[in-house]
Structure formats: structure tokens, C-alpha cells
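Please read the structure below before turning to the comments.
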Amino acid sequence: MFPQFLNKGECQPTKIMNIQINNKMTFFSTISVLIVILSFTIIIAHNQVMAASKFTIQAKINLKNLNNPSKLKVVASANGDTQAKIVEGEDLDSKSTTVSFPFNEKNDVVSVGSRDEYFACAYDLDAITNQMRSYSCVEGNIKNTGGKNTINIGSGSSDTLSTGSFQTVNGRQITNPTITVSIPLSDRKDVKELRVVTMIKGEFESRTIDAQKLLKQSDHNTIIVPLLFDKIPEIGPIQQGDLFFACVSADDLNPPEGTECEHRVTVHTGHVHNLVAR
């Protein structure tokens, strides 16, 4: 009986060890599950924050006055950033189409604010040659800094902020134009960084500049930023009669606006085209 007693005694530590191992495995499994759940929670929360940090420009384009539109290039600039999209196919089968442009509420230069200015343009293209047939542009002010801002393109009458219906351009070609942006800063001498965005014929050029450095070189507290367009746009050469834009963005420009935009029509075929942006 003595050997049997020893065998039974030897089984007890083994059982206890197995229980301890099982408990440890259960503990680590629980921890692993919690880590996975926490990771997903963090990812979801991050995505929600990212989603909440955007606003959109909703370009609602009237197609009624276009002759069988088959392809559009639509561009927009807001908060110092730029976007471009191509619209074609069944998206152009109805009387209007809406193109959505999401922008970040904040970048390294400026945070969006109500009253900030932006612009959007739609270019009607020949589906075969990809050349512009007509265009319509409009400026607007941000009203919803965390949601949708709808703007109508290609409708209404022409005024200081809109071309109204689609316009044709038949002027002579302009080769390698430079848009020279003048930025008066007598009321904002402490501004540090500025982002300058220019656009013509669906093409963008932009630059972030050291405003303090340029102000030191200025006699009248006005800095001048030239931006060269040295390539022919994909939708056709730049012509006399094309509309061009310039926007200036910086938090230091507030109030009243962190982004201010202006536009003009090219009236000559020379290389330099001037625009005062604020």
C-alpha cells in the first residue's frame, strides 16, 4: 500500500501545475482579446476624428445649357489646398451633376473658418480631343466649417463672383504666362507663413512662402509672388479670355478671413498677368 500512497501523492502537484498553466493561458488569452478590442477601438476613434476634421465643397453643376456634355474637368481650391476631378459617362446623363471635394479643416498654414473664401470651376471638354469647349467658375464663402458647402456652377447670371452660364474662349494663345500675385500686408505685418494658390485653365501652381523675409525686402508692405505656368494645360493652351484665380491663406490673416481669393480674365497675350489677392 505504501507505493500506492506515494503515486497518489505524486499526482497532486501535477494537477495543481496543470490548473496554474490553464489559468495563465486563460489570463493571457483574455489580455490578448482586450488588446485586440482596444486596438479596434483606437482605430475607429481615430477614423472618426479624421472624418470629423474635414469639410466639403459640393459643386452642383447645371448641365442644361451644354450641348451633349460627355466629359468635365472640375477643380476646386479651399483652405490653401487644391483638388481636381474628371466627370464623365452616366454622371452626365441628367440635367445636373454634383461633384464633392473633401478638404482638411486644418493644415500646416491655416485652419478653415466661416467667411473664408474658395472657388470652383467646371470645364466642358471634347471627349475625343480632351480640349476645353467652355467653362464656368464661381467664388464662395465657407458657411459650414465641418460639413457641406454647396455652390452652383453654370447657372444664374454673371456677376462679380460668378461667370454664370458656361463661357467660350476664342482669344489668342498665351505662352508661358506668369501670374504675379500682390499681397498687401500693411495690416498684417506679423504674418509668418503664407500659402499662395493660383489656377488657370484647370491647372494649379502653389507655393508656401516666408512672408517676413519678403516683407523686409518690400518698401510698401506689399509682397509680390510670381508663379509660372510653363506647360500647356491638358485641356488646351491658355488663351486670352481665360479666367485665372489667386488665393492667399494663413491663420495670421484672421480676422476677417484665413483665405482670400480674387480672379480676373486674361486681357492680353503677354507673359505677366497681375492680380491683387487681398
Side-chain angles (χ1 to χ4, degrees), residues 73 75-84 109-110 117-123 131-132 134-139 158-163 167-189 191-250 252-253 257 259-278:
K73 180 174 184 178
V75 301
S77 178
N79 211 38
D81 293 324
T82 64
Q83 291 192 42
V109 175
V110 66
E117 297 177 356
Y118 67 93
F119 70 84
C121 294
Y123 296 89
Q131 301 298 285
M132 185 193 82
S134 61
Y135 75 90
S136 180
C137 293
V138 62
E139 276 189 42
S158 175
D159 57 33
T160 56
L161 296 179
S162 173
T163 61
Q167 308 292 314
T168 58
V169 177
N170 299 306
R172 292 178 295 169
Q173 182 173 341
I174 302 174
T175 305
N176 298 335
T178 293
I179 297 178
T180 301
V181 185
S182 297
I183 310 167
L185 293 172
S186 59
D187 61 333
R188 291 291 187 272
K189 296 178 184 179
V191 64
K192 297 176 180 63
E193 275 193 332
L194 283 172
R195 180 168 295 162
V196 183
V197 173
T198 55
M199 191 283 297
I200 189 168
K201 205 96 177 200
E203 300 293 332
F204 289 100
E205 291 289 342
S206 63
R207 185 184 305 168
T208 300
I209 60 173
D210 182 344
Q212 287 298 305
K213 180 179 179 180
L214 293 180
L215 275 171
K216 291 176 182 178
Q217 302 170 1
S218 170
D219 295 329
H220 305 288
N221 295 317
T222 296
I223 62 177
I224 298 175
V225 182
L227 290 106
L228 172 65
F229 289 78
D230 59 354
K231 297 179 181 179
I232 296 178
E234 63 179 1
I235 63 173
I238 297 170
Q239 299 169 266
Q240 183 177 345
D242 277 326
L243 194 68
F244 65 97
F245 284 82
C247 297
V248 180
S249 299
D252 292 333
L253 296 179
E257 298 152 343
T259 296
E260 298 187 50
C261 299
E262 299 294 342
H263 64 272
R264 283 186 58 191
V265 172
T266 53
V267 295
H268 61 80
T269 57
H271 292 297
V272 179
H273 299 263
N274 299 310
L275 189 59
V276 180
R278 69 181 298 264

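To the nearest 0.5 Å, the span separating OG1 on Thr180 from CG on Asn274 amounts to 5.0 Å. Note that the CD1 atom of Ile238 and the OG1 atom of Thr269 stand 12.5 Å from one another [nearest 0.5 Å]. Separation of atoms OG1 (Thr208) and CD (Glu193) is listed at 6.5 Å; rounding is to 0.5 Å. To the nearest 0.5 angstrom, Phe244 atom CZ is 5.0 Å from Leu275 atom CG. To the nearest 0.5 Å, the span separating SG on Cys247 from CG on Asn79 amounts to 10.5 Å. Between the CD1 atom of Ile183 and the CG atom of Asn221 there is a distance of 13.0 Å, given to the nearest 0.5 Å.
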Evaluation steps, side chain to side chain contact (heavy atoms under 4.5 Å, CB included), between Leu214 and Ile224: CA-CA 8 Å; Leu214 293 180; Ile224 298 175; over 6 Å; no
- request: Determine, stepwise, if the pair Leu215 / Ile223 fulfils side chain to side chain contact (heavy atoms under 4.5 Å, CB included).
  value: CA-CA 6 Å; Leu215 275 171; Ile223 62 177; 4.0 Å; yes
field: Derivation of the side chain to side chain contact (heavy atoms under 4.5 Å, CB included) call for Glu262 and Val276
entry: CA-CA 7 Å; Glu262 299 294 342; Val276 180; over 6 Å; no
query: Can you list the steps and then say if Met199 with Phe119 is a side chain to side chain contact (heavy atoms under 4.5 Å, CB included)?
result: CA-CA 10 Å; Met199 191 283 297; Phe119 70 84; 3.7 Å; yes
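Counting only heavy atoms from C-beta outward, the side chains of Ile179 and Glu205 never approach each other to under 4.5 Å. For the pair Ile174 and Asp242, the minimum side-chain heavy-atom distance is 4.5 Å or more. In this structure the side chain of Leu253 reaches within 4.5 angstrom of the side chain of Leu185, judged on heavy atoms. At a threshold of 4.5 Å between non-hydrogen side-chain atoms, the residues Thr266 and Gln239 do not count as touching. Within the 4.5 Å cutoff, the side chain of Asp81 has heavy atoms near those of the Arg195 side chain. Within the 4.5 Å cutoff, no side-chain heavy atoms of Lys201 are placed close to those of Cys121. For the pair Val225/Val248, no side-chain contact is recorded, criterion being any heavy-atom separation below 4.5 Å from C-beta on.
Closest approach of Phe204 and Ser77 over heavy atoms only: CE2-CB, 4.0 Å. Contact between Pro233 and Glu203 at its shortest, heavy atoms only, is CB-CG, 3.5 Å. Counting all heavy atoms, side chain and backbone alike, Val197 lies closest to Ser206 at CG2-CB, 3.9 Å. Across Gly80 and Thr259, no two heavy atoms sit closer than the pair N-OG1, 4.1 Å. Nearest approach of Gln167 to Thr163, heavy atoms of both residues: NE2-O, 3.2 Å. Residues Ile232 and Gln173 share a closest heavy-atom pair of CD1-NE2, 4.3 Å.
Residue His268 places its NE2 atom among more than 12 non-hydrogen atoms of other residues, nucleotides or ligands, all under 6.0 Å distant. Applying the 6.0 Å contact sphere to CZ of Arg172 captures no more than 12 heavy atoms from other residues, nucleotides or ligands.
Arg278 pairs with exactly one of Glu260, Glu117, Glu257 by the salt bridge (charged side-chain N to carboxylate O under 4.0 Å, His left out) rule, that one being Glu260.
Salt bridge Glu234/Lys73: present, at least one basic N to carboxylate O contact under 4.0 Å.
Remark: side-chain polar atoms of Arg188 are paired, donor with acceptor, to backbone N or O of Asp252 under 3.5 angstrom. In terms of modelled atom types and a separation under 3.5 Å, the side chain of Gln212 and the main chain of Lys189 share a donor-acceptor contact. Checking side-chain atoms of Tyr123 against main-chain N and O of Gly202 turns up a donor-acceptor pair under 3.5 Å.
His263 and Phe245 have tilted rings, their planes meeting at an angle from 30° to 60° on a 0 to 90° scale.
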